[in-house]
Amino acid sequence: MAFRPQQWRNIVTVSQQNPFTATVLGLPRVGPRRELKRAIEAYWAGNIDAEKLHAVARELRRAQLTELLAAGLDSIPVGTFSYYDQMLDTAVLLGALPPRVAGIADPLDRYFAAARGTDTVEPLEMTKWFDTNYHYLVPEIGPDTAFSLHPEKLLEELREALELGVPARPVVIGPITFLKLAKATGGPALARLLELLPLYRELLRRLAVAGAEWMQIDEPVLVTDLTAEEIDLVQITYAELAEATERPAILVATYFGDPGAALAPLAGTGIEAVAVDFTSGTDVSAVAAVPALAGKLVVAGVVDGRNVWRTDLDRALATLGTLLGSAGRVAVSSSCSLLHVPYTLAAETRLDERLRWWLAFGAEKVAEVQLLATGLHEGPEAIGADLAAVQAALAARRSDPRLNNPQVRARLAALGPDAVHRAPAEQRRELQRDRLRLPALPTTTIGSYPQTSAIRLARAALRKGEIDQAEYVRRMRAEIADVVALQEDLGLDVLVHGEPERNDMVQYFAEQLDGFAATEHGWVQSYGTRCVRPPILFGDVARREPMTVEWIGYAQSLTDKPVKGMLTGPVTILAWSFVRDDQPLEESARQVALAIRDETVDLQSAGIRIIQVDEPALRELLPLRAADQPAYLEWSVRSFRLATSGVSDATQIHTHLCYSEFGEVIDAIAGLDADVTSIEAARSHMEVLDDLNAAGFDLGVGPGVYDIHSPRVPSVDEITTSLRAALKAVPAERLWVNPDCGLKTRGRAEVEASLRNMVAAAAAVR
Ligand code: GLN
Ligand code: ZN
């Protein structure tokens with residue numbers, strides 16, 4: 001009989017199913033010291049060529065894989081590396097880049113053009129990845145999209161991994177998630193599913209031929225509410241892919257929640273494994289309820305991939321043990337990709353020792369996975385010492401006095417219903433109108449101005465002790481004076497101090513509040529090359545002293561125009577921190593809100609007439625299942641109102657929201673009761689205004705009139721057109737004119753040119 005090697009390999013992998021025992025679902029990619037960020041930005045600036053960029057990327061992947069191999073994982077994800085975003089990579093994989101970038105010949109430049117735009121090309125929209133603070137690029141699928149397979153990136157990364165002897169498991173985003181998250185024109189995206197399936201089948205074949213024994217197909221969208229028809233499509237898709245004769249074993253990964261009703265149909269197909277997240281509400285009994293899982297490998301996400309607390313190993317082992325009773329086999333895993341946590345605790349030299357004892361970052365989570373796999377397969381005795389060590393750490397954490405501040409708790413308990421109410425909006429409007437005397441269509445900005453290298457150098461010098469606090473304050477004041485002068489020159493109506501003193505809008509406050517700890521190297525990718533260092537909320541929150549009053553008061557002393565005070569709201573502070581897992585988020589939100597409330601009152605006393613409390617993350621924390629949303633919206637709105645209702649009715653409260661589809665939270669935006677809401681709209685073309693109107697929203701609104709995520713300078717005409725479009729939906733007395741977000745990531749020259757055009761457009765429309 002003629003014997004074809006490829007067929008032979010396929011028979012071995014799929015039937016024998018070489019199941020693995022310890023893995024994680026995906027990997028961070030910016031580099032432990034943000035090496036990739038720096039290389040990409042150097043490439044954009046023209047300081048290095050593509051060759052050099054690829055070399056940096058290859059070396060980062062090599063180092064990472066080598067480390068994971070040494071840690072003992074027996075299946076390692078590959079292909080979660082990205083130069084910008086995994087959804088964009090999937091769009092490239094499936095030949096689904098928008099036609100407007102097709103003319104760019106160089107593939108890397110085409111890729112970056114789709115990600116961030118060019119002088120002539122608009123980028124893809126960007127929005128939050130499920131309920132995380134990671135942003136993905138939204139693929140556009142239209143009548144012109146002709147899908148075709150381009151697996152070179154994935155094959156290349158697979159080849160690299162196999163050469164290193166890594167048990168590589170290529171990862172792609174699945175067709176259901178890809179289509180559900182895409183923006184479709186000319187018909188629903190899922191209608192295109194049948195066009196994608198042959199491509200995924202071909203991809204399976206190519207991966208098998210290249211030597212992959214397993215592949216992972218990510219379908220996080222299965223943890224959201226799907227219709228019965230959509231669940232049928234899940235079943236059809238995976239039944240069809242499993243039928244392929246030449247393929248690796250298939251792991252379908254769900255994460256960020258409970259796959260619910262989608263689990264049984266998925267398990268009923270011929271795929272070999274399912275990943276389930278047991279850290280976000282999925283009960284083990286859900287697996288027992290699906291008999292088909294008795295024949296599958298269940299990849300159990302028992303190590304939280306999104307938070308930084310040490311895993312309670314005893315509890316995780318109990319979960320794994322229960323699973324053994326109903327799953328065919330069980331592997332231990334992180335609940336989701338480690339993209340969402342910092343690389344390693346080992347890099348932290350200044351963390352409080354007790355706190356460090358309670359934590360696990362990426363590398364430590366890999367070690368936990370490995371320990372649990374050992375405990376599961378060899379019995380708990382095999383990891384007895386580790387179990388005891390974890391119990392000791394958890395007990396110390398529970399009894400730490402910083403987790404219980406009696407004054408804060410007493411103040412919150414004593415708050416009456418008045419604490420979240422202001423006078424009716426109409427009444428406030430009149431008081432504020434008389435006090436502020438602003439022109440129609442007032443112009444303003446969202447808060448930050450470019451973080452110049454002088455600012456960054458000053459901050460670094462202070463950190464290193466090269467300059468003292470007084471010199472630092474002098475330099476920041478010089479920046480503030482500069483930005484105030486610029487705004488006066490531009491003719492803006494409501495000024496800001498520019499936020500030069502803030503490394504980050506959340507970290508800045510966290511550093512000044514009890515209950516939070518900062519990391520030195522805990523960088524996490526937010527989008528593209530933008531990384532953040534989320535603070536760790538570990539204890540009760542209390543404000544030690546005013547946090548912003550000196551800076552903003554100084555700015556106000558330089559001008560007669562109103563300077564808008566800038567604070568970050570409680571929901572956003574929590575959303576962009578690693579939060580306590582020992583009390584409800586709502587409780588933490590109330591504590592943060594109280595601290596912000598005290599700050600608003602102090603700003604008001606210092607003569608500040610407008611205060612903006614940013615809540616860009618309001619939408620982000622929205623639970624993925626509709627049934628859980630009302631309770632969240634209720635407490636998040638209350639916490640904002642608690643933060644903003646301590647000031648007088650003549651003080652104008654602004655808020656700012658960005659990065660999302662606001663449809664589901666429109667009522668909550670009205671519920672915030674902010675006098676003025678600035679909202680990202682430039683990338684989604686003002687659709688948000690119609691939604692606000694439909695919800696009966698009748699407060700001030702500043703839909704972003706241009707996109708600050710791209711270096712493009714918008715023309716006066718363009719902004720005028722935007723404003724006219726906005727005026728169709730909103731009467732002039734309620735309309736504000738502003739960019740769609742803060743300007744900190746932009747260059748000074750672009751900002752000046754863009755704002756000049758914005759002010760000119762406002763004047764023209766007035
Ligand atoms: N005030 C902040 C800034 O301008 C708001 C940032 C944001 O919305 N993410 O930078
Ligand atoms: Zn914003």
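Whatever order the structure lists them in is the order used to number ligands and atoms, beginning at 1. The shown structure was predicted, so the numbers you read here are calculated from the model rather than taken from an experiment.
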Below the 3.5 angstrom mark, is there an N/O of [X], backbone or side chain, next to an N/O of ligand 1?
X      : result
Ile446 : yes
Trp576 : no
His656 : yes
Lys744 : no

Q. Which residue, Phe256, Phe361, Trp523, Trp576, forms the ring-ring contact (aromatic ring centres under 6.0 Å, His included) with His340?
A. Phe256
Number the atoms of ligand 1 from 1 as they appear, then name those within less than 4.0 Å of a heavy atom of [X], with their elements.
X      : value
Gly742 : 3 (C), 4 (O), 10 (O)
Met505 : 5 (C), 6 (C), 7 (C), 9 (N)
Cys741 : 7 (C), 8 (O), 9 (N)
Asp614 : 1 (N), 2 (C), 5 (C)
Ser448 : 3 (C), 4 (O), 10 (O)

Q: Could you tell me whether Glu586 and Arg590 have a side-chain N and a carboxylate O separated by less than 4.0 Å?
A: no
**Q.** Ionic contact status for Lys183 with Glu125, cut-off 4.0 Å
**A.** yes
Q: Please work out the angle at the Zn ion (ligand 2) defined by atom SG of Cys741 on one side and atom NE2 of His656 on the other, rounded to 10°.
A: 130°
Q: Classify the ring geometry between Tyr527 and Tyr84 as parallel (under 30°), tilted (30 to 60°) or perpendicular (over 60°).
A: tilted
Q) Between Thr572 and Glu615, is any side-chain donor less than 3.5 angstrom from a side-chain acceptor? A) yes
**Q.** For Asp493, salt bridge (charged side-chain N to carboxylate O under 4.0 Å, His left out) partners two or more places apart
**A.** Arg766
Q: With sequence neighbours excluded, tell me which residues meet side-chain contact (heavy atoms from CB on, under 4.5 Å) with Leu585.
A: Leu574, Val579, Leu621, Trp635
